[in-house]
Amino acid sequence: MSDKKVRVRFAPSPTGGLHLGGVRTVLFNYLFAKKTGGDFVLRIEDTDQSRYVEGAEQYILDCLEWCGLIPDESPVAGGPYAPYRQSERKALYREYAEKLVREGHAYYAFDTPEELDKNRKEIPNFQYGLAYRDSLRNSLSLTEHEVDQLLDAHTPHVIRIKMPADDRVSFNDMIRGHVSFETNQVDDKVLLKADGMPTYHLAVVVDDYLMKITHAFRGEEWLPSAPVHLLLWEYLGWKADMPQWAHLPLILKPDGHGKLSKRDGARLGFPVYAMNWFDEKSGELTPGFRELGFLPEAFLNLLATLGWNDGTDQEIFSLDELVDKFSLERVSKAGAKFDFEKAKWFNSEWIKKSEAGRLKSEVRAVLEDKGIVINDDAYLLQVIDKVKDRCVLLPDFYHQTAYFFEQPKEYDVNSVKPKWTDAKTDFFKAVINLINTTEAFEPVEFEAAFKALAEEKGIKAGELMLPFRIMLVGGKFGPHVFDIAVILGKAETISRIEKALTVFNA
RNA sequence: GGCCCGUUCGUCUAGGGGUUAGGACGUUAGAUUUUCAUUCUAGAAACAGGGGUUCGAUUCCCCUACGGGCUACCA
């Protein structure tokens, strides 16, 4: 068993946007697979037709691509265990469910959803299991003849697992260690629905077996149904091939209580989905990390460290480093509250450490979105390099670089006017002359000449720096003003001084 | 209610029978930056409670409390 090739899977339902926690599950799957030279499979669990959402599968694929977590096998890439959509595997599941019935590990149940709802409402602690199954309508309580009649009449029915009495099911979770359950406490879960589709419980076991999955990662919310899955592996005769389980801690709301949900994002003002998700039915757009201006490197990094660390003080990891250093033993057991402030910090760190070339296409998109046309790549690279230390999210590049591409539309005149004098106007006219007569226009030389000129005119340099910045930038922000002037070039700098002078003297 | 899982600064976490309980985010103060941001320095800030075991428990065990998950013909 241990010498088998590692195979892991991410098995989302195509019901909407891809949640943070989902991406983290993908990440841990991916890291584990790559670290061990195994395969990463994407399987679409679309067995609930009522919740199926058009476009959600493609969206999931797009998210994985943005993150750079590409499955080795998937509905689109194919693979030796196709098909990878459960709806296309429908015929398979019934066979196994019937086998379980024949062997006495499952049974037909004819109760209607309404009858069961009634029971749940009227009987305290009602559950379909040991205590009540004999008083309900199923192939355990009915005679063989009655069952045959119902079946022949095509009476709607489901197949339920028959949980054994007075037993204990336990297993060793890779993250939690020993976990155990009393079978009497677990209800007889539905395996095959009336529409012939399997429930998650049956499908996950059958497909994990058929797809030769060796390690199964999923959220902690699945822990209570683990005994059902364990028993299924046993009853189907596949116990020796059962994957090792790892139940990942949940990602919790930053405030209050409970699992992080998309509503929390809207309420607290941060994204919960990887990418923008547009719901056709409601017309509602749920924002994503990508569109908000996160780099995928940062997104993965922050997800990885939510519940995992390498035991050192290192916090910034590239995907390659994560593959190298990841280990399940270092995944924490407790749920983690999501902290958007820290998430932004990861992004600012990644923007700072990224080369301008890496940022180019993202920054270009931000600027073009605002109507700024870029026709000089080298110039763009130079500008990115100068301002990237001051950007937290990608859209910040607009505010930080727009003035490199177009003249300020507005000037922070309030910061200039109170101390503005004719002498300063004269000074800047002299600066224009200075620039025109300067051979080499370089930051250090220009700054020296600028200050020498100020001294010659009897004005403190300190009084001129801010006005000069506002002439070029429009506001009180940005890199060193002489760097800006040189990047803008002689002609543009002069033009901006002239224009600002008319504004300041108006 | 029942079952299961968990519990170190506000948050993410390191540590682990004897430590000044470490780091990071955020926060506070200061330095640098004649702008803003970056950067740097310093500060405040935690072992849920009670019983054991032990010379000694934050660390091991038990109980309680609290938090979370599940309790659908949803995943």
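Letters A, B, ... are given to chains in the order of the sequence lines, protein chains preceding strands, and every chain is numbered from 1. Heavy-atom basis, side chains included; hydrogens, waters and symmetry copies ignored. Remember, it's a predicted structure, so these values are computed and weren't measured experimentally.
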Under 4.0 Å, heavy atoms only, any strand: does A/Lys352 hit a base, just the sugar-phosphate, or nothing? sugar-phosphate

Among [options], which nucleotide sits nearest the side chain of [X]?
X: A/Glu349; options: B/U39, B/C25, B/C73; answer: B/U39
X: A/Glu341; options: B/C25, B/C12, B/A14; answer: B/C25
X: A/Phe477; options: B/U35, B/C73, B/C74; answer: B/U35

Just checking [X] against [Y], ring centres under 6.0 Å apart?
X: A/Phe427; Y: A/Phe450; value: yes
X: A/Phe217; Y: A/Phe28; value: no
X: A/Tyr200; Y: A/Trp222; value: yes
X: A/Trp308; Y: A/Phe317; value: yes
X: A/Phe446; Y: A/Phe482; value: yes

Does the structure show a Watson-Crick or G-U wobble partner for [N], both distances under 3.5 Å? Name it, or say none.
N: B/G10; value: B/C25
N: B/U20; value: none
N: B/U58; value: none
N: B/A31; value: B/U39

So, is [X] near the phosphate of [N], with a side-chain N or O under 4.0 Å from OP1 or OP2?
X: A/Lys193; N: B/C74; value: yes
X: A/Ser50; N: B/C74; value: no
X: A/Arg160; N: B/C73; value: yes
X: A/Thr199; N: B/C74; value: no
X: A/Arg51; N: B/C73; value: no

Please tabulate, one pair per line, each protein N/O and nucleotide N/O from nucleotides 45-49 of chain B that are separated by under 3.5 Å, including the distance.
none

Under the salt bridge (charged side-chain N to carboxylate O under 4.0 Å, His left out) rule, collect the residues that match up with A/Asp173, sequence neighbours excluded. none

What interatomic distance, in whole Å, is found between [atom1] of [M] and the corresponding atom of [N]?
N: B/U11; M: B/U27; atom1: C1'; value: 12 Å
N: B/G15; M: B/A57; atom1: P; value: 23 Å
N: B/G18; M: B/U54; atom1: C1'; value: 12 Å
N: B/U33; M: B/A37; atom1: C1'; value: 9 Å

Ranking A/Asn309 and A/Arg469 by the position along RNA chain B of their nearest nucleotide, the one closer to 5' is A/Asn309

Closest-nucleotide mapping onto RNA chain B: is A/Lys476 or A/Thr305 further toward the 5' terminus? I mean the 5' end. A/Thr305

Report, one pair per line, the protein and nucleotides 3-10 of chain B atoms (nitrogen or oxygen only) whose separation is under 3.5 Å.
residue : atom : partner  : partner atom : Å
B/C5    : O2'  : A/Arg176 : NH1          : 2.6
B/C5    : O2'  : A/Glu220 : OE2          : 3.0

Counting only heavy atoms not in A/Glu355 (residues, nucleotides, ligands), do more than 12 fall under 6.0 Å from its CD? no

If you measure from CD on A/Glu362 to CG on A/Leu394, what distance do you get to the nearest 0.5 Å? 5.5 Å

Relative to the ring of A/His157, is the ring of A/Phe110 parallel (under 30°), tilted (30 to 60°) or perpendicular (over 60°)? tilted

Between the base of B/A72 and the side chain of A/Lys189, is there a donor and acceptor pair under 3.5 angstrom? no

Consider only side-chain N and O atoms of A/Arg51 and A/Thr15, and report whether a donor and an acceptor are under 3.5 Å apart. no

